[in-house]
**Q** 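Pasting a structure here, questions to come.
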There are 2 protein chains.
Amino acid sequence: MLSIGSLSKQTDVKVPTIRYYEQIGLIDPPERTEGNQRRYPKEALERLAFVKHARELGFSIETIQALIELNNHPDRSCTEATTIAQEQLNNVRARIASLLRLETELVRITEGCNGAGTVSDCYVLASLADHSNCKTQHLEKTSF
Amino acid sequence: MLSIGSLSKQTDVKVPTIRYYEQIGLIDPPERTEGNQRRYPKEALERLAFVKHARELGFSIETIQALIELNNHPDRSCTEATTIAQEQLNNVRARIASLLRLETELVRITEGCNGAGTVSDCYVLASLADHSNCKTQHLEKTSF
DNA sequence: TCTTGAAGCTCTAGTCGCTAGAGGTATTAT
DNA sequence: ATAATACCTCTAGCGACTAGAGCTTCAAGA
(Lines give C-alpha, C1' and ligand atoms only; values in the text may rest on other atoms or scores of the structure.)
Protein backbone atom coordinates (compact mmCIF):
# COMPACT_ATOMS: atom_id res chain seq x y z
CA MET A 1 0.00 0.00 0.00
CA LEU A 2 1.18 3.46 -0.94
CA SER A 3 0.77 6.77 0.81
CA ILE A 4 -0.35 9.69 -1.33
CA GLY A 5 3.18 11.05 -1.13
CA SER A 6 4.83 7.98 -2.63
CA LEU A 7 2.14 7.71 -5.29
CA SER A 8 2.90 11.31 -6.12
CA LYS A 9 6.64 10.72 -6.36
CA GLN A 10 6.32 7.60 -8.47
CA THR A 11 3.89 9.11 -10.96
CA ASP A 12 5.20 12.65 -10.85
CA VAL A 13 1.71 13.97 -10.19
CA LYS A 14 1.46 16.46 -7.36
CA VAL A 15 -0.29 15.53 -4.14
CA PRO A 16 -3.01 18.19 -4.38
CA THR A 17 -3.65 17.13 -7.97
CA ILE A 18 -4.19 13.54 -6.89
CA ARG A 19 -6.69 14.69 -4.28
CA TYR A 20 -8.33 16.85 -6.91
CA TYR A 21 -8.63 13.91 -9.28
CA GLU A 22 -10.28 11.91 -6.53
CA GLN A 23 -12.66 14.74 -5.76
CA ILE A 24 -13.89 14.98 -9.34
CA GLY A 25 -14.20 11.21 -9.63
CA LEU A 26 -11.33 10.61 -12.02
CA ILE A 27 -9.65 8.11 -9.72
CA ASP A 28 -11.29 5.91 -7.11
CA PRO A 29 -11.26 6.98 -3.47
CA PRO A 30 -8.74 4.70 -1.76
CA GLU A 31 -8.86 3.03 1.60
CA ARG A 32 -7.92 5.04 4.66
CA THR A 33 -5.78 4.30 7.70
CA GLU A 34 -7.26 4.59 11.17
CA GLY A 35 -5.86 8.09 11.20
CA ASN A 36 -7.75 8.93 7.98
CA GLN A 37 -4.80 8.93 5.62
CA ARG A 38 -5.11 7.57 2.08
CA ARG A 39 -3.52 4.22 1.24
CA TYR A 40 -3.40 3.15 -2.39
CA PRO A 41 -3.08 -0.29 -3.92
CA LYS A 42 -0.47 -0.77 -6.63
CA GLU A 43 -3.08 -0.56 -9.39
CA ALA A 44 -3.51 3.09 -8.55
CA LEU A 45 -0.08 3.68 -10.08
CA GLU A 46 -1.27 2.50 -13.47
CA ARG A 47 -4.52 4.32 -13.28
CA LEU A 48 -2.84 7.58 -12.41
CA ALA A 49 -0.17 7.08 -15.08
CA PHE A 50 -2.98 6.64 -17.61
CA VAL A 51 -4.59 9.89 -16.52
CA LYS A 52 -1.29 11.73 -16.53
CA HIS A 53 -0.32 10.53 -19.97
CA ALA A 54 -3.70 11.42 -21.42
CA ARG A 55 -3.48 14.90 -19.90
CA GLU A 56 -0.04 15.34 -21.41
CA LEU A 57 -1.53 14.44 -24.76
CA GLY A 58 -4.07 17.20 -24.29
CA PHE A 59 -7.18 15.17 -23.54
CA SER A 60 -9.68 17.01 -21.37
CA ILE A 61 -10.68 15.61 -18.00
CA GLU A 62 -14.12 14.91 -19.41
CA THR A 63 -12.67 12.93 -22.30
CA ILE A 64 -10.40 11.00 -19.96
CA GLN A 65 -13.43 10.10 -17.92
CA ALA A 66 -15.02 8.66 -21.05
CA LEU A 67 -11.87 6.68 -21.81
CA ILE A 68 -11.76 5.25 -18.30
CA GLU A 69 -15.41 4.33 -18.58
CA LEU A 70 -14.58 2.49 -21.80
CA ASN A 71 -11.66 0.78 -20.15
CA ASN A 72 -14.04 -0.59 -17.56
CA HIS A 73 -15.91 -2.53 -20.24
CA PRO A 74 -13.20 -4.68 -21.84
CA ASP A 75 -15.70 -6.58 -24.00
CA ARG A 76 -16.93 -3.55 -25.93
CA SER A 77 -15.64 -2.59 -29.34
CA CYS A 78 -12.78 -0.17 -29.28
CA THR A 79 -14.19 1.98 -32.09
CA GLU A 80 -15.16 4.63 -29.64
CA ALA A 81 -11.68 4.92 -28.16
CA THR A 82 -10.22 5.27 -31.62
CA THR A 83 -12.76 7.94 -32.49
CA ILE A 84 -11.92 9.91 -29.36
CA ALA A 85 -8.22 9.76 -30.13
CA GLN A 86 -8.87 10.77 -33.72
CA GLU A 87 -10.88 13.78 -32.57
CA GLN A 88 -8.06 14.75 -30.28
CA LEU A 89 -5.67 14.53 -33.19
CA ASN A 90 -7.90 16.78 -35.29
CA ASN A 91 -8.09 19.19 -32.41
CA VAL A 92 -4.30 19.31 -32.07
CA ARG A 93 -3.89 19.82 -35.80
CA ALA A 94 -6.35 22.69 -35.79
CA ARG A 95 -4.42 24.34 -32.99
CA ILE A 96 -1.16 23.89 -34.85
CA ALA A 97 -2.64 25.50 -37.95
CA SER A 98 -3.92 28.40 -35.91
CA LEU A 99 -0.56 28.92 -34.23
CA LEU A 100 1.23 28.80 -37.57
CA ARG A 101 -0.94 31.67 -38.76
CA LEU A 102 -0.04 33.57 -35.61
CA GLU A 103 3.60 32.85 -36.23
CA THR A 104 3.39 34.27 -39.74
CA GLU A 105 1.85 37.47 -38.44
CA LEU A 106 4.31 37.85 -35.61
CA VAL A 107 7.25 37.35 -37.94
CA ARG A 108 5.86 40.03 -40.22
CA ILE A 109 5.35 42.38 -37.30
CA THR A 110 8.74 41.88 -35.67
CA GLU A 111 10.67 41.97 -38.92
CA GLY A 112 9.06 45.22 -39.97
CA CYS A 113 10.67 47.00 -37.04
CA ASN A 114 14.37 47.32 -36.39
CA GLY A 115 13.80 48.71 -32.89
CA ALA A 116 15.74 51.84 -33.73
CA GLY A 117 12.93 54.41 -33.96
CA THR A 118 10.59 55.82 -31.37
CA VAL A 119 7.26 54.50 -30.22
CA SER A 120 5.40 57.06 -32.33
CA ASP A 121 6.38 55.32 -35.54
CA CYS A 122 6.89 51.79 -34.24
CA TYR A 123 5.84 49.20 -36.74
CA VAL A 124 5.02 46.69 -34.01
CA LEU A 125 2.54 48.98 -32.35
CA ALA A 126 1.09 50.15 -35.63
CA SER A 127 0.57 46.57 -36.72
CA LEU A 128 -1.20 45.73 -33.52
CA ALA A 129 -3.50 48.69 -34.01
CA ASP A 130 -4.39 47.71 -37.54
CA HIS A 131 -5.51 44.23 -38.35
CA SER A 132 -6.12 45.05 -42.00
CA ASN A 133 -2.45 44.59 -42.86
CA CYS A 134 -2.64 40.98 -41.83
CA LYS A 135 -2.16 38.40 -44.53
CA THR A 136 -3.89 35.64 -42.62
CA GLN A 137 -7.04 35.20 -40.63
CA HIS A 138 -5.83 34.46 -37.14
CA LEU A 139 -8.89 33.51 -35.20
CA GLU A 140 -9.48 34.16 -31.55
CA LYS A 141 -10.05 30.49 -30.74
CA THR A 142 -6.45 29.69 -29.93
CA SER A 143 -6.88 28.50 -26.42
CA PHE A 144 -6.67 24.95 -25.29
CA MET B 1 -20.55 59.02 -29.21
CA LEU B 2 -21.10 55.30 -29.17
CA SER B 3 -23.12 53.11 -26.88
CA ILE B 4 -21.44 49.97 -25.58
CA GLY B 5 -23.61 47.96 -27.95
CA SER B 6 -22.45 49.73 -31.10
CA LEU B 7 -18.86 49.63 -29.92
CA SER B 8 -19.33 45.90 -29.46
CA LYS B 9 -20.79 45.42 -32.92
CA GLN B 10 -18.16 47.47 -34.67
CA THR B 11 -15.22 45.80 -32.97
CA ASP B 12 -16.73 42.36 -32.64
CA VAL B 13 -15.91 42.29 -28.93
CA LYS B 14 -18.73 41.18 -26.69
CA VAL B 15 -20.39 43.69 -24.39
CA PRO B 16 -19.48 41.89 -21.13
CA THR B 17 -15.91 41.61 -22.36
CA ILE B 18 -15.73 45.37 -22.91
CA ARG B 19 -16.99 45.96 -19.39
CA TYR B 20 -14.46 43.43 -18.13
CA TYR B 21 -11.63 45.22 -19.94
CA GLU B 22 -12.72 48.46 -18.30
CA GLN B 23 -12.85 46.82 -14.90
CA ILE B 24 -9.29 45.55 -15.12
CA GLY B 25 -8.05 48.88 -16.47
CA LEU B 26 -7.27 47.79 -20.00
CA ILE B 27 -9.46 50.49 -21.53
CA ASP B 28 -10.38 53.85 -20.06
CA PRO B 29 -13.71 54.25 -18.29
CA PRO B 30 -15.85 56.31 -20.65
CA GLU B 31 -18.27 59.12 -19.93
CA ARG B 32 -21.75 58.27 -18.80
CA THR B 33 -25.19 59.56 -19.71
CA GLU B 34 -27.41 60.99 -17.01
CA GLY B 35 -28.93 57.56 -16.80
CA ASN B 36 -25.50 56.02 -16.13
CA GLN B 37 -24.96 54.41 -19.49
CA ARG B 38 -21.52 54.33 -21.13
CA ARG B 39 -20.83 56.61 -24.08
CA TYR B 40 -17.59 56.13 -25.98
CA PRO B 41 -15.68 58.56 -28.20
CA LYS B 42 -14.53 57.30 -31.59
CA GLU B 43 -10.99 56.75 -30.36
CA ALA B 44 -12.32 53.92 -28.23
CA LEU B 45 -12.82 51.96 -31.45
CA GLU B 46 -9.11 52.02 -32.21
CA ARG B 47 -8.10 51.27 -28.68
CA LEU B 48 -10.39 48.28 -28.49
CA ALA B 49 -9.31 47.07 -31.92
CA PHE B 50 -5.72 47.18 -30.70
CA VAL B 51 -6.60 45.09 -27.66
CA LYS B 52 -8.61 42.64 -29.72
CA HIS B 53 -5.91 42.18 -32.30
CA ALA B 54 -3.25 41.66 -29.66
CA ARG B 55 -5.43 39.08 -27.91
CA GLU B 56 -5.93 37.27 -31.20
CA LEU B 57 -2.18 37.18 -31.57
CA GLY B 58 -1.97 35.50 -28.19
CA PHE B 59 -0.63 38.36 -26.10
CA SER B 60 -1.67 38.15 -22.46
CA ILE B 61 -3.69 40.92 -20.88
CA GLU B 62 -0.68 41.83 -18.79
CA THR B 63 1.51 42.15 -21.88
CA ILE B 64 -1.11 44.21 -23.65
CA GLN B 65 -1.16 46.54 -20.68
CA ALA B 66 2.58 47.01 -21.09
CA LEU B 67 2.15 47.72 -24.81
CA ILE B 68 -0.55 50.31 -24.13
CA GLU B 69 1.66 51.92 -21.54
CA LEU B 70 4.41 52.14 -24.17
CA ASN B 71 1.98 53.58 -26.66
CA ASN B 72 1.26 56.37 -24.22
CA HIS B 73 4.89 57.52 -24.44
CA PRO B 74 5.41 58.16 -28.15
CA ASP B 75 8.88 59.63 -27.62
CA ARG B 76 10.39 56.50 -26.12
CA SER B 77 12.43 54.05 -28.10
CA CYS B 78 10.44 51.21 -29.54
CA THR B 79 13.01 48.59 -28.60
CA GLU B 80 10.82 47.38 -25.82
CA ALA B 81 7.80 46.84 -28.05
CA THR B 82 9.93 44.85 -30.45
CA THR B 83 11.29 42.76 -27.61
CA ILE B 84 7.80 42.00 -26.35
CA ALA B 85 6.68 40.94 -29.82
CA GLN B 86 9.79 38.81 -30.23
CA GLU B 87 9.10 37.07 -26.93
CA GLN B 88 5.58 36.39 -28.04
CA LEU B 89 6.92 34.89 -31.23
CA ASN B 90 9.26 32.61 -29.30
CA ASN B 91 6.35 31.62 -27.11
CA VAL B 92 4.19 30.74 -30.11
CA ARG B 93 7.01 28.74 -31.66
CA ALA B 94 7.52 26.78 -28.47
CA ARG B 95 3.86 25.93 -28.41
CA ILE B 96 3.92 24.84 -32.02
CA ALA B 97 6.87 22.56 -31.31
CA SER B 98 5.08 21.06 -28.34
CA LEU B 99 1.91 20.46 -30.32
CA LEU B 100 3.86 18.86 -33.14
CA ARG B 101 5.22 16.33 -30.65
CA LEU B 102 1.70 15.64 -29.48
CA GLU B 103 0.61 15.19 -33.07
CA THR B 104 3.32 12.61 -33.69
CA GLU B 105 2.22 10.64 -30.65
CA LEU B 106 -1.46 10.82 -31.51
CA VAL B 107 -0.82 9.68 -35.05
CA ARG B 108 1.12 6.73 -33.73
CA ILE B 109 -1.64 5.88 -31.31
CA THR B 110 -4.53 6.19 -33.73
CA GLU B 111 -2.78 4.39 -36.56
CA GLY B 112 -1.92 1.44 -34.37
CA CYS B 113 -5.59 0.63 -33.92
CA ASN B 114 -8.01 -0.29 -36.66
CA GLY B 115 -11.00 -0.05 -34.33
CA ALA B 116 -12.00 -3.60 -35.09
CA GLY B 117 -11.06 -5.31 -31.84
CA THR B 118 -12.43 -5.03 -28.35
CA VAL B 119 -11.46 -2.64 -25.60
CA SER B 120 -9.43 -5.31 -23.86
CA ASP B 121 -6.78 -5.25 -26.55
CA CYS B 122 -7.25 -1.72 -27.84
CA TYR B 123 -4.01 -0.13 -28.91
CA VAL B 124 -5.29 3.37 -28.13
CA LEU B 125 -6.05 2.54 -24.54
CA ALA B 126 -2.86 0.54 -24.13
CA SER B 127 -0.83 3.44 -25.46
CA LEU B 128 -2.45 5.82 -23.07
CA ALA B 129 -1.64 3.53 -20.20
CA ASP B 130 1.99 3.22 -21.17
CA HIS B 131 4.07 6.27 -21.84
CA SER B 132 7.22 4.24 -22.40
CA ASN B 133 6.27 3.51 -26.00
CA CYS B 134 6.35 7.18 -26.83
CA LYS B 135 8.97 8.34 -29.27
CA THR B 136 8.88 11.95 -28.15
CA GLN B 137 8.86 13.82 -24.91
CA HIS B 138 5.51 15.55 -24.88
CA LEU B 139 5.60 17.87 -21.93
CA GLU B 140 2.66 18.84 -19.79
CA LYS B 141 3.12 22.56 -20.43
CA THR B 142 0.89 22.77 -23.48
CA SER B 143 -1.53 25.37 -22.29
CA PHE B 144 -1.70 28.89 -23.47
C1' DT C 1 -46.93 61.96 -24.92
C1' DC C 2 -47.21 57.32 -23.85
C1' DT C 3 -45.85 52.73 -24.28
C1' DT C 4 -43.22 48.92 -25.20
C1' DG C 5 -39.25 46.27 -26.06
C1' DA C 6 -34.51 46.31 -26.60
C1' DA C 7 -30.47 47.52 -24.57
C1' DG C 8 -28.18 49.05 -20.68
C1' DC C 9 -26.74 48.74 -15.58
C1' DT C 10 -24.44 46.19 -11.28
C1' DC C 11 -23.35 42.24 -8.87
C1' DT C 12 -22.40 37.50 -8.15
C1' DA C 13 -21.04 33.10 -9.56
C1' DG C 14 -19.35 29.76 -12.87
C1' DT C 15 -15.88 27.88 -16.33
C1' DC C 16 -11.11 24.66 -16.42
C1' DG C 17 -7.44 22.34 -14.20
C1' DC C 18 -5.18 22.87 -11.05
C1' DT C 19 -2.28 25.45 -7.05
C1' DA C 20 -1.50 27.75 -2.56
C1' DG C 21 -2.32 28.56 2.07
C1' DA C 22 -4.30 28.12 6.83
C1' DG C 23 -4.81 25.51 10.64
C1' DG C 24 -4.91 21.12 12.48
C1' DT C 25 -3.68 15.74 12.98
C1' DA C 26 -0.99 11.35 11.97
C1' DT C 27 3.00 8.89 11.13
C1' DT C 28 7.76 7.78 11.43
C1' DA C 29 12.53 7.96 12.73
C1' DT C 30 15.60 8.78 16.26
C1' DA D 1 9.28 10.61 24.01
C1' DT D 2 10.01 13.89 20.90
C1' DA D 3 10.50 16.21 16.76
C1' DA D 4 10.29 16.45 11.90
C1' DT D 5 7.75 15.40 8.22
C1' DA D 6 3.73 14.08 5.88
C1' DC D 7 -0.93 14.09 5.88
C1' DC D 8 -5.84 15.92 6.49
C1' DT D 9 -9.90 19.34 5.14
C1' DC D 10 -11.41 23.56 3.63
C1' DT D 11 -11.31 27.80 1.22
C1' DA D 12 -9.67 30.90 -2.13
C1' DG D 13 -7.05 32.20 -6.24
C1' DC D 14 -5.29 32.01 -11.17
C1' DG D 15 -6.65 33.96 -16.43
C1' DA D 16 -9.88 35.64 -19.39
C1' DC D 17 -13.84 35.71 -19.80
C1' DT D 18 -19.20 34.19 -19.74
C1' DA D 19 -23.91 33.69 -17.84
C1' DG D 20 -27.62 35.03 -15.18
C1' DA D 21 -30.64 37.70 -11.89
C1' DG D 22 -32.99 41.64 -11.12
C1' DC D 23 -33.27 46.18 -12.11
C1' DT D 24 -33.23 50.87 -15.02
C1' DT D 25 -32.80 53.64 -19.22
C1' DC D 26 -33.25 54.64 -23.89
C1' DA D 27 -35.33 55.11 -28.50
C1' DA D 28 -38.85 54.39 -31.81
C1' DG D 29 -43.60 53.95 -33.15
C1' DA D 30 -48.74 54.94 -32.20
Side-chain angles (χ1 to χ4, degrees), chain A residues 1-27 29-40 44 48 50-68 88 91 95 139-144, chain B residues 1-27 29-40 44 48 50-68 88 91 95 98 102 139-144:
Chain A
M1 300 296 263
L2 302 157
S3 69
I4 197 168
S6 28
L7 185 61
S8 167
K9 270 196 199 95
Q10 290 182 60
T11 55
D12 203 28
V13 174
K14 286 178 189 156
V15 168
T17 304
I18 297 173
R19 286 197 279 248
Y20 170 71
Y21 286 164
E22 177 185 329
Q23 192 192 313
I24 62 172
L26 205 52
I27 59 175
E31 289 174 38
R32 301 280 185 135
T33 63
E34 288 198 2
N36 199 34
Q37 300 197 357
R38 290 168 179 83
R39 287 297 176 270
Y40 295 89
L48 193 51
F50 180 100
V51 171
K52 191 200 174 197
H53 194 196
R55 286 294 300 134
E56 286 175 358
L57 289 166
F59 291 86
S60 71
I61 297 277
E62 201 184 354
T63 306
I64 295 172
Q65 245 147 0
L67 288 169
I68 289 174
Q88 182 62 24
N91 187 333
R95 278 191 283 145
L139 302 169
E140 61 283 355
K141 242 319 189 183
T142 46
S143 67
F144 199 10
Chain B
M1 300 297 261
L2 302 157
S3 69
I4 197 168
S6 26
L7 185 62
S8 167
K9 270 195 198 96
Q10 289 182 59
T11 56
D12 204 28
V13 174
K14 285 178 190 158
V15 168
T17 304
I18 297 174
R19 287 197 279 247
Y20 170 71
Y21 285 164
E22 178 184 330
Q23 193 193 311
I24 62 172
L26 203 53
I27 59 175
E31 290 175 36
R32 301 280 185 136
T33 62
E34 288 198 2
N36 198 35
Q37 299 196 357
R38 291 169 179 83
R39 286 297 176 269
Y40 295 89
L48 193 51
F50 180 98
V51 171
K52 192 201 175 196
H53 193 194
R55 286 293 301 133
E56 285 175 358
L57 288 166
F59 290 85
S60 71
I61 297 278
E62 201 184 354
T63 306
I64 296 171
Q65 244 146 1
L67 289 169
I68 288 174
Q88 183 62 24
N91 185 332
R95 280 191 282 144
S98 175
L102 290 193
L139 301 170
E140 59 282 356
K141 244 311 186 186
T142 46
S143 68
F144 201 6

**Q** B:Glu31 CD to C:dG8 P: how many Å, rounded?
**A** 17 Å
**Q** Whole angstrom is fine here: how far is it from CG in B:Leu7 over to C1' in C:dC9?
**A** 16 Å
**Q** Looking at side-chain heavy atoms only, is the closest gap between B:Lys52 and B:Glu56 below 4.5 Å?
**A** yes
**Q** Is there a side-chain contact between A:Leu2 and A:Arg38, using heavy atoms and a 4.5 Å cut-off?
**A** no
**Q** Donor-acceptor check, side chain of A:Glu22 to backbone of A:Pro30, threshold 3.5 angstrom: yes or no?
**A** no
**Q** What's the CD1-C1' distance between A:Ile27 and C:dG17, to the nearest Å?
**A** 14 Å
**Q** Just how far, in rounded Å, is P of C:dT27 from CG of A:Leu2?
**A** 16 Å
**Q** Mind calculating the distance between OH (B:Tyr40) and P (C:dA7) to the nearest angstrom?
**A** 16 Å
**Q** With a 4.0 Å limit, can you tell me whether B:Thr33 has a side-chain N or O closer than that to the phosphate oxygens OP1/OP2 of C:dG8?
**A** no
**Q** Would you say A:Val51 and A:Ile68 make side-chain contact, with heavy atoms under 4.5 Å?
**A** yes
**Q** Return the value, rounded to whole Å, for the distance between atom CD1 of A:Ile18 and atom P of C:dG17.
**A** 18 Å
**Q** Is A:Arg39 close to A:Ser3 at the side-chain level, that is, under 4.5 Å between some pair of heavy atoms?
**A** yes
**Q** Is any side-chain heavy atom of A:Leu48 less than 4.5 Å from a side-chain heavy atom of A:Tyr21?
**A** yes
**Q** Between protein and nucleotides 1-24 of chain D, map the contacts as a letter string: B base, S sugar-phosphate only, - none, heavy atoms under 4.0 Å, written 5' to 3'.
**A** ------SSB------BBS------
